[in-house]
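Just so it is clear, the values below take in all heavy atoms, side chains as well, and ignore hydrogens, waters and symmetry mates.
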Amino acid sequence: NAGVMQNPRHLVRRRGQEARLRCSPMKGHSHVYWYRQLPEEGLKFMVYLQKENIIDESGMPKERFSAEFPKEGPSILRIQQVVRGDSAAYFCASSLRTGPGYTFGSGTRLTVV
Amino acid sequence: KNEVEQSPQNLTAQEGEFITINCSYSVGISALHWLQQHPGGGIVSLFMLSSGKKKHGRLIATINIQEKHSSLHITASHPRDSAVYICAADPNRDDKIIFGKGTRLHILP
């Protein structure tokens, strides 16, 4: 059981490029959560997804950010036209929901230059 | 006011000291999590509590549901315990967990 896998661990993008962050939940987990940690700040909720459904995206910026969790494959957090302020660590967590709690991935550190 | 409050924000102690980090929350919860994050590192889940007390090695976590308060204790602290410790409340609803701002712990050799 490999746990929650996030890749890449580090991602550098120039302003205006797109960033794609991937999260493979733990085997059997069908709930995925994305969190953002800005430098020197706490973790903030972004979006909660189940397979093929966005359940709660109240923490997502209205523009440039999108997330999906397809029937097959990892969950993807996509940031279009990145800006310097998007530089942060992005963490994914998954849960079974009916059983024990969350398992976190190691995060993706996005740097926009 | 944040729904999850941690104290202290920063803590520096000598190796060997007994450490206590506190967490108070204002929402109804199904569980409370303690997480550890090393500088530049990922997040490790230390405990998930819904009542009572749990122990893992030198780490102890307690929760008082009536008082909506949890504590994380570290016995015989060591420099490798230096990290940010985060309390997170898992609400009584099908929703996202709520994080405290973290306690930055620095253990001096």
Exercise for the section: Apply salt bridge (Lys or Arg N to Asp or Glu O under 4.0 Å) to the pair Asp86(A) and Arg13(A), showing each step before the final yes or no. Expected result: CA-CA 10 Å; Asp86(A) 297 331; Arg13(A) 283 287 177 265; over 6 Å; no
Within residues 105-113 of chain A, the residues sitting under 4.5 Å from chain B by heavy atom, in sequence order, are Gly105(A), Ser106(A), Arg109(A)
Cut-off 4.5 Å, heavy atoms of chain B, and the answer for Gln37(A) is side chain
Heavy atoms of Ser87(A) and Leu38(A) approach each other most closely as O-CD2, 3.8 Å
query: Would you say the side chains of Glu3(B) and Ser26(B) form a donor-acceptor pair under 3.5 Å?
result: no
Here the pair of heavy atoms bringing His38(B) nearest to Ser82(B) is ND1-O, 3.1 Å
Note to self: Below 30° counts as parallel, above 60° as perpendicular, anything between as tilted: where do the rings of Tyr35(A) and Phe99(B) land?
What the structure shows: perpendicular
Counting the benzene-type ring for Trp, do Phe18(B) and His73(B) have ring centres under 6.0 Å apart? yes
